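The next block holds one structure in the form of structure tokens; read it before the comments.
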Amino acid sequence: MESVSPHSAVRTRFAPSPTGYLHIGGVRTALFNWLLSKQTGGQFILRIDDTDAARNQQEALAPILEGFRWLGIQWDEGPEIGGPHAPYFQSQRLARYQQEVARLLANGSAYRDFARPEELAAERAVAEREKRDFVYSRRWMAETDAQARQFESEGRVSVVRLKIPRQGNCTFTDLVRGEVSVQWSREQDHVVQRADGTCLYHLASVVDDFDFQITHVVRAVEHLSNTPRQIFIAQSLGYPLPQYAHIPFVAEPGSKVKLSKRKIEQYLKNPDFKKMVEHGSRIAQQLGLRTSPETFNPVLIDFYKTVGYLPDAILNYLLLLGWSLDDKTEDFTREEMIRVFSLERVVKSEASFDPKKLMAFQQKHMARLSVEERTTRVMPFLLGAGLLREPLDSSQTALVSQLVAAAGDRIAVAGDVLQFDDFFAADEDVPYDQAAFNKRLVQPHEAGFLLNEYRKILTSIPEFDAASLEMAFTQFCQNMNIGAGELVHPLRVAVTGKSVG
RNA sequence: GCCCCCUUCGUCUAGUGGCCUAGGACUCCGGGUUCUCAGUCCGGCAACAGGGGUUCGAGUCCCCUAGGGGGUACCA
């Protein structure tokens, strides 16, 4: 192994399993890790936890990498870019894990266990019936080769289990939760190596954290109870312990239950969440994308990319989900986030995901962008929906620029530009809002007359600029002795087909 | 079942014994501004889970109760 680095740079890691897509809760965990390493000039490592071959799909890795790339969370070591400790895939590091399992076995902190699954299940059942904690009897533990041969002759196969102490406490300091202490007797003799020789997560994770010289393990609370057994492994192997920080998970809207991508149907009952999905779906539809809840889902980061959210807005929102700087600061640029983030100010309780507040951040960040920047962001959507075609000439760009400027904050996410699709349509194709048509043009009997008169005025205007039009408009209303609204509404419907400007 | 954790406005949060008649943000509701909508500006509603202690004084410390959550795999 390399010697421990002399400087105090923080090395953190995010270790997704390629079993799904990039979960928004995972992004927040990764964000905290990334921030922490960057503020000390350290490294953020992406490690792929794919020890369970049965559950992993290789194609699910691409969306994860793509998600981080889009968000601008660049990993310093990991897939595609490698690094001094490559490979960063657990599935490719088996030999190393087996080597460490052998050391565990050799120094007596692990043992080969020949119990059959049904024998273990029976012991468990007894414990449950007697309402006590299950503690393995170690009846099929082989501590000598002779014992092992004996069990093998009975046709048994072995796994490797940790020989967890049955007395005393495991105490450690967690950077967000303070001192944590659990009794060793509550821990099981966890399996670290399967019968087929492959290794399990806890062992792999501890070995990798050591090999990769991870200084801070920042992960979601569901791993808190895993920590004692990992500490046991690390200490048995003579590794220095990293700092631990267990952050609360991101919960469902209006609830404290962990957000899950499988429960989208349930979340749709939440009005805000539903609104968010519908808004996104409209845009996806205009882009000609076929959406299924499985892939087009606000729990997954791909949703935001598809619809045109700003990565900075998402990061800003996620940063404030379970962390705060003080009693008022809410807006952070990336540089500011990196500078001021601290684990000490992470809250202990779960934070529920609030679509409305995310949108508020999105609008704020969008409004901060110049017209040029917004135009750039909006272009791919116009192209994607077929409203514009490449190559673009400068007049088209100018047109979009004008539209973006006029639309102002009606374009909250980049995909919102598609609601102005008729702007790009030929005149005869302008679709009419039937309800508005009735209300403004058919119902008010004077509407036709007014519009006709107004048209006569317009034909007499020499210059067709905004100022002249405005003057003509005001004058006309005065002359006809009508309120502005009496003309403005019918006029808009007649020209744009819509009821709002 | 057992073990562990969490609990301030609807939501995200500030708060580390007196600065709290509890602050900010989002949402919502009024009002001003605007040719409509949006926006913007001003204003407003809204919380310390409950009960016992400790203390001159408790959102802040301790205990109990309740509620919520996580874990309990040859998953990660």
Side-chain angles (χ1 to χ4, degrees), chain A residues 15-20 49-52 54-56 90 113 115 117 120 124 127-134 157-161 174 177 180-183 185-188 190-202 204-205 219-228 246 248-249 251 253-258 270-272 317-331 345 347-361 363-364 367 407-412 436 440 470 473-474 477 483-489 491-493 498-501:
Chain A
S17 288
T19 48
D49 281 12
D50 51 358
T51 49
D52 188 7
R55 279 178 40 165
N56 294 313
Q90 293 195 326
D113 179 49
L120 235 32
R124 251 176 234 281
E128 196 170 328
R129 212 173 311 135
E130 295 173 358
K131 290 191 193 292
R132 58 175 172 81
D133 285 340
F134 165 66
V157 290
S158 69
V159 298
V160 176
R161 285 184 185 278
D174 184 289
R177 325 195 78 85
V180 179
S181 186
V182 308
Q183 295 177 275
S185 60
R186 300 281 176 200
E187 280 290 308
Q188 303 293 325
H190 301 278
V191 174
V192 288
Q193 186 173 51
R194 298 185 180 90
D196 67 5
T198 60
C199 293
L200 269 73
Y201 165 74
H202 296 298
S205 182
R219 70 229 307 192
V221 253
E222 57 257 39
H223 287 286
L224 183 62
S225 56
N226 295 336
T227 309
H246 290 89
F249 50 75
S255 151
K256 293 294 185 195
V257 183
K258 190 162 92 176
N270 175 300
D272 299 333
Y317 171 70
L318 253 21
L319 175 69
L320 263 5
L321 216 49
W323 179 87
S324 66
L325 176 64
D326 53 29
D327 59 343
K328 49 179 158 312
T329 315
E330 295 234 302
D331 297 342
R345 293 195 60 85
V347 299
K348 291 189 181 72
S349 57
E350 312 77 23
S352 51
F353 175 71
D354 183 354
K356 274 192 191 154
K357 190 144 185 171
L358 206 204
M359 182 50 96
F361 275 101
Q363 279 169 329
K364 206 155 41 171
D409 39 34
R410 289 174 182 82
I411 299 179
R440 299 302 185 194
E470 173 123 29
F473 181 90
T474 314
C477 289
E486 287 181 72
L487 176 60
V488 116
H489 291 285
L491 183 63
R492 179 171 37 246
V493 174
K498 296 193 174 185
S499 57
V500 295

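Residue numbers start from 1 in every chain, and the chains themselves are labelled A, B, ... in the order their sequence lines are given, proteins ahead of strands. As the structure is a prediction and not an experimental result, all values here were calculated from the model.
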**Request:** Any strand is fair game: report the nucleotide pairing with B/G67 by Watson-Crick or G-U wobble, both distances under 3.5 Å, or none.
**Result:** B/C6
**Message:** What's the gap between B/G18 and B/A76 when it is taken at their P atoms, as a whole Å value?
**Reply:** 48 Å
**Asked** Between B/C12 and A/Ser352, is there an OP1 or OP2 to side-chain N/O distance shorter than 4.0 Å?
**Response** yes
**Request:** Look at all strands and tell whether A/Val191 reaches a base, only sugar-phosphate, or nothing, counting heavy atoms closer than 4.0 Å.
**Result:** sugar-phosphate
**Complete:** Of the candidates B/A38, B/U11, B/U13, the side chain of A/Val347 sits closest to B/U13
**Prompt:** Which is true for A/Arg345 with a 4.0 Å heavy-atom rule: it touches a base, it touches only sugar-phosphate, or it touches nothing?
**Reply:** sugar-phosphate
**Partner residues of A/Asn270 under the side chain to side chain donor-acceptor pair (under 3.5 Å) criterion, sequence neighbours left out** = none
**Prompt:** With the sugar-phosphate defined as primed atoms, P, OP1 and OP2, and the base as all remaining atoms, what B/S/- string results for nucleotides 18-29 of chain B, 5' to 3', for protein heavy atoms under 4.0 Å?
**Reply:** -----BBBSS--
**Complete:** Rounded to whole Å, CD of A/Gln193 lies from C1' of B/A73 at a distance of 17 Å
**Strand partner of B/A38, provided both Watson-Crick or wobble distances fall under 3.5 Å** = none
**Complete:** Sequence neighbours excluded, the answer for side chain to side chain donor-acceptor pair (under 3.5 Å) partners of A/Asp409 is none
**Request:** Under 4.0 Å between any heavy atoms, over every strand shown, what does A/Ala195 touch: base, sugar-phosphate, or nothing? Just pick one.
**Result:** base
**Request:** Would you indicate which nucleotide in B/G39, B/A76, B/C6 comes nearest to any side-chain atom of A/Leu200?
**Result:** B/A76
**Message:** Partner lookup for B/G43, please. Criteria are Watson-Crick or G-U wobble with both distances under 3.5 angstrom; report none if nothing qualifies.
**Reply:** B/C29
**Asked** A/Gln183 CD to B/C2 C1': how many Å, rounded?
**Response** 12 Å
**Request:** Using only heavy-atom distances, determine whether the side chains of A/His246 and A/Arg219 contain a donor-acceptor pair under 3.5 Å.
**Result:** yes
Interface polar pairs with nucleotides 69-72 of chain B, N/O, under 3.5 angstrom:
residue: B/G71; atom: O2'; partner: A/Ser225; partner atom: OG; Å: 3.0

**Presence of A/Arg194 side-chain N/O under 4.0 Å of B/C75 phosphate oxygens OP1/OP2** = yes
**Message:** Please enumerate all residues that pass side chain to side chain donor-acceptor pair (under 3.5 Å) together with A/Asp326, with sequence neighbours excluded.
**Reply:** A/Thr329
**Prompt:** Do you know the tightest heavy-atom contact between A/Asp49 and A/Tyr201?
**Reply:** OD2-CE1, 3.3 Å
**Message:** What's the gap between B/C62 and B/U54 when it is taken at their C1' atoms, as a whole Å value?
**Reply:** 7 Å
**Who pairs with B/G18 - Watson-Crick or G-U, where each distance is under 3.5 Å** = B/C56
**Message:** Tell me every residue that passes side chain to side chain donor-acceptor pair (under 3.5 Å) with A/Asp354, counting only those two or more places apart in sequence or in another chain.
**Reply:** none
**Request:** With heavy atoms under 4.0 Å as the rule, sort A/His202 into base, sugar-phosphate or nothing.
**Result:** base
